[in-house]
Novice: 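Structure below; questions to follow.
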Amino acid sequence: MVTVRAPATSANLGSGFDVFGVALDRPADIVRVSKAEQTTITVTGVGSQFIPEDPARNTVGAVAEELDAPAHIEINKGVRPASGLGSSAASAAGAAVALNELYDRGLSRSELVPIAAEGEAVVSGAPHADNVAPSILGGFTIATADGVRSIETDIPLVACLPEIAVSTRDARRVVPDTASIPDLVTTVGNAATLTTGMCRSDPVLVGKGMDDPLITPARAELITGYDTVRSYALETGATGVTVSGAGPSVIAACHGGDRRAIGSAMLDGFSENGVDARVYQVSVGNGATIL
Ligand SMILES: Nc1ncnc2c1ncn2[C@@H]1O[C@H](COP(=O)(O)OP(=O)(O)OP(=O)(O)O)[C@@H](O)[C@H]1O
Ligand SMILES: N[C@@H](CCO)C(=O)O
């Protein structure tokens, strides 16, 4: 039996759609695997009633298939599904690391990323790696077609999760089909600024680099209260605010001492729009850990 803790993540960070991600130090899924003739899945924890146990419809089923590693897989959800905090990816990442160990497959962490990404295809229709990469490797990650780079960094963050659900599948439908050259120029500049900020552990550069004229505006419309939450967080000292992953969570970068006030301001912003929410004051964390 192998047990793995796989962390929540925040993908995109505004300017890095389908490319950037960060591991959060909490919450996390716990994935426990034991060898079996056929893959079976049980799910407990936050939002487990919304998660299928059929291996063909759960991200971990696809991972077991990819690794040719049938197992009984117990998932204890700490990351709420349809949260924008990489819930489906945390399970997939945990299963990839756990099954690699259980079956002694000998794959490196980087080699496990595309395998876990196949799990994501089960729920969103496309095998994007921007959540599974940080959940497996930790830190800030850049996932592109030719591989993954990860950078250790120290950026204080606040993630605010409202009591509304936005599925990645739905949020991908509102992504525009085309982009103008001026918007592309802005996005490339912001992505480079954000990456520099991550390399220097500089929350001001990271926050500036979160702006995105292309995709976030369309997705923000799916999140009741987004504009209020964003402006309250910025007024309270956030260096940048954007949609976390496909939403509905909203993520803010900041200086360490401002996390509590920003979290409280974000809760107020949702509350004024009639939406309950919870807040996570977090840091960029490590990747999946074998317990
Ligand atoms: N092991 C799993 N954990 C969580 N959700 C799962 C799992 N397997 C399948 N799902 C399904 O995936 C959907 C949630 O994934 P989705 O990508 O929409 O949200 P998320 O992972 O929280 O968000 P994001 O990727 O934007 O951070 C739900 O419909 C859920 O039933
Ligand atoms: N990059 C993905 C992350 C969510 O799974 C998206 O924004 O659709």
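What you are looking at is a predicted structure, and each value in this text was computed from that prediction instead of being measured. Both counts, for ligands and for their atoms, begin at 1 and track the order of listing.
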Novice: Rounded to the nearest 0.5 Å, what separates atom CZ in Arg230 from atom OG1 in Thr242?
Specialist: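 Separation between the atoms: 7.0 Å.
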
Novice: Taking 4.0 Å as the limit for heavy-atom contacts, which would you say applies to Arg169 with ligand 1: side chain only, backbone only, both, or neither?
Specialist: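 For Arg169, there is no contact with ligand 1 at all, from either part.
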
Novice: Decide if atom CD of Glu111 counts as having more than 12 heavy atoms of other residues, nucleotides or ligands within a radius under 6.0 Å.
Specialist: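 Counting neighbours around CD of Glu111, more than 12 heavy atoms of other residues, nucleotides or ligands fall under 6.0 Å, so yes.
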
Novice: Quick one: are Val158 and Val279 in side-chain contact, heavy atoms under 4.5 Å?
Specialist: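 Val158 reaches Val279 side chain to side chain.
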
Novice: Determine, considering heavy atoms only, which of Ser48, Ala246, Gly61 sits nearest to atom 26 (O) of ligand 1.
Specialist: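 Closest candidate by heavy-atom distance is Ala246.
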
Novice: Look at atom 20 (P) of ligand 1 and say which protein heavy atom is nearest, naming residue and atom and giving the distance to 0.1 Å.
Specialist: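 For this ligand atom, the closest protein heavy atom is Ser87 N, 3.6 Å.
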
Novice: Say whether Phe50, considering both its backbone and side-chain N or O atoms, lies within less than 3.5 Å of an N or O atom on ligand 1.
Specialist: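 Right, the criterion is met.
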
Novice: With a 4.5 Å cut-off on side-chain heavy atoms, are Val63 and Ile115 touching?
Specialist: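 Contact flag for Ile115/Val63 side chains = yes.
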
Novice: Would you say Val43 and Gln49 make side-chain contact, with heavy atoms under 4.5 Å?
Specialist: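 The answer is no, as the side chains (C-beta and beyond) never meet within the 4.5 Å cut-off.
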
Novice: Check this for me: does any side-chain nitrogen of one of Asp202 and Lys208 sit under 4.0 Å from a carboxylate oxygen of the other?
Specialist: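 Between Lys208 and Asp202 there is no salt bridge, as every charged N stays at least 4.0 Å from the carboxylate O atoms.
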
Novice: Atoms of ligand 1 less than 4.0 Å from Pro52 heavy atoms?
Specialist: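 Answer for ligand 1: 31 (O).
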
Novice: Below 4.0 angstrom, N of the basic side chain to O of the carboxylate: do Asp25 and Arg5 qualify?
Specialist: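 No, no charged N to carboxylate O under 4.0 Å.
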
Novice: Mind checking whether Ala82 has a heavy atom under 4.0 Å from ligand 1?
Specialist: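 Yes; Ala82 lies near enough to ligand 1 that a heavy-atom distance drops under 4.0 Å.
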
Novice: Any side-chain to backbone donor/acceptor pair from Ser15 onto Gly209? Under 3.5 Å, distance only.
Specialist: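 Judged by distance alone, yes, a pair lies under 3.5 Å.
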
Novice: Could you tell me whether Asn131 approaches ligand 1 through its side chain, its backbone, both or neither, with non-hydrogen atoms closer than 4.0 Å?
Specialist: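 The answer is the side chain of Asn131.
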
Novice: Among protein heavy atoms, which sits nearest to atom 18 (O) of ligand 1, and what does the distance come to when rounded to 0.1 Å?
Specialist: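 Result: Thr168 N, 3.0 Å.
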
Novice: Counting non-hydrogen protein atoms only, what is the nearest one to atom 28 (C) of ligand 1? Give residue, atom name and distance.
Specialist: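 Protein heavy atom with the smallest distance to atom 28 (C) of ligand 1: Pro81 CB, 4.5 Å.
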
Novice: Decide yes or no for Tyr103 and Asp68: does some side-chain heavy atom of the first lie under 4.5 Å from some side-chain heavy atom of the second?
Specialist: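 Tyr103 does not reach Asp68 side chain to side chain.
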
Novice: Before accepting this row, confirm whether a basic side-chain N of the pair Arg173/Asp170 lies closer than 4.0 Å to the acidic partner's carboxylate O.
Specialist: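 Between Asp170 and Arg173 there is a salt bridge, with a charged N closer than 4.0 Å to a carboxylate O.
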
Novice: Taking N or O atoms only and a 3.5 Å limit, does Gly86 qualify as a polar contact for ligand 1?
Specialist: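 N/O-N/O distance under 3.5 Å: yes.
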
Novice: Measure the distance from atom 23 (O) of ligand 1 to every protein heavy atom, then report the residue, atom name and distance (to 0.1 Å) of the closest one.
Specialist: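 Atom 23 (O) of ligand 1 sits closest to the protein heavy atom Gly84 N, 3.4 Å.
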
Novice: Could you list the residues that satisfy ring-ring contact (aromatic ring centres under 6.0 Å, His included) with Tyr226, not counting sequence neighbours?
Specialist: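 Once residues adjacent in sequence are excluded, Tyr226 has no partner under the ring-ring contact (aromatic ring centres under 6.0 Å, His included) criterion.
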
Novice: For Asp146, look at atom CG and say whether over 12 heavy atoms of other residues, nucleotides or ligands are found less than 6.0 Å away.
Specialist: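 Atom CG in Asp146 is crowded, with more than 12 foreign heavy atoms closer than 6.0 Å.
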
Novice: Consider every N or O of Asp29 and every N or O of ligand 1, then say whether any pair is closer than 3.5 Å.
Specialist: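 No - when backbone and side-chain N and O of Asp29 are compared with those of ligand 1, no distance drops under 3.5 Å.
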
Novice: Side chain or backbone, does Glu120 bring an N or O within less than 3.5 Å of an N or O on ligand 1?
Specialist: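 Not met; the criterion fails.
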
Novice: Please write down residue, atom name and distance for the protein heavy atom closest to atom 11 (C) of ligand 1.
Specialist: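 Its nearest protein heavy-atom neighbour is Val123 CG1, 3.3 Å.
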
Novice: Just to confirm my output: which protein heavy-atom neighbour is closest to atom 22 (O) of ligand 1, and how far is it?
Specialist: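 Nearest protein contact, heavy atoms only, for atom 22 (O) of ligand 1 is Ser83 N, 2.9 Å.
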
Novice: Give the residue and atom name of whichever protein heavy atom lies nearest to atom 3 (N) of ligand 1, and the separation in Å to one decimal.
Specialist: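 Going by distance alone, atom 3 (N) of ligand 1 is nearest to Lys77 NZ, 2.9 Å.
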
Novice: Polar contacts were defined as any N/O atom of the residue lying under 3.5 Å from an N/O atom of the ligand; does this apply to Ser244 and ligand 1?
Specialist: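 No, Ser244 has no N/O under 3.5 Å of an N/O on ligand 1.
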
Novice: Looking only at protein heavy atoms, identify the closest one to atom 7 (C) of ligand 1 and say how far it is in Å.
Specialist: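 Ranked first by proximity to atom 7 (C) of ligand 1 is Ile51 CG2, 3.6 Å.
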
Novice: Side chains of Asn131 and Glu120, heavy atoms from C-beta outward: is any pair under 4.5 Å?
Specialist: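 Sidechains of Glu120 and Asn131: in contact.
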
Novice: If you count heavy atoms of other groups shown closer than 6.0 angstrom to NZ of Lys77, is the number above 12?
Specialist: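 Yes - once you tally the heavy atoms of other residues, nucleotides and ligands closer than 6.0 Å, there are more than 12.
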
Novice: Assigning hydrophobic clusters by single linkage (Ile, Leu, Val, Met, Phe, Trp, Tyr; side-chain heavy-atom cutoff under 4.5 Å), is Ile75 placed with Val97?
Specialist: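 Yes.
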
Novice: In order of chain and number, which residues sit within 4.0 Å of ligand 2 by heavy atom?
Specialist: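 Ligand 2 pocket, heavy atoms under 4.0 Å: Ala11, Asn12, Phe17, Asp18, His128, Asp130, Asn131, Thr168, Arg172, Arg219, Gly245, Ala246.
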
Novice: Which one holds for Ser88 and ligand 1: side chain close, backbone close, both close, or neither close, with close meaning a heavy atom under 4.0 Å?
Specialist: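 Under 4.0 Å from ligand 1, Ser88 contributes backbone and side-chain atoms.
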
Novice: What distance do Asp183 atom CG and Leu214 atom CG have between them, rounded to the nearest 0.5 Å?
Specialist: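 Taking CG in Asp183 and CG in Leu214, the distance rounds to 4.5 Å.
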
Novice: Taking the non-hydrogen atoms of Ser167, is any one of them nearer than 4.0 angstrom to ligand 1?
Specialist: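 Within the 4.0 Å threshold, so yes.
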
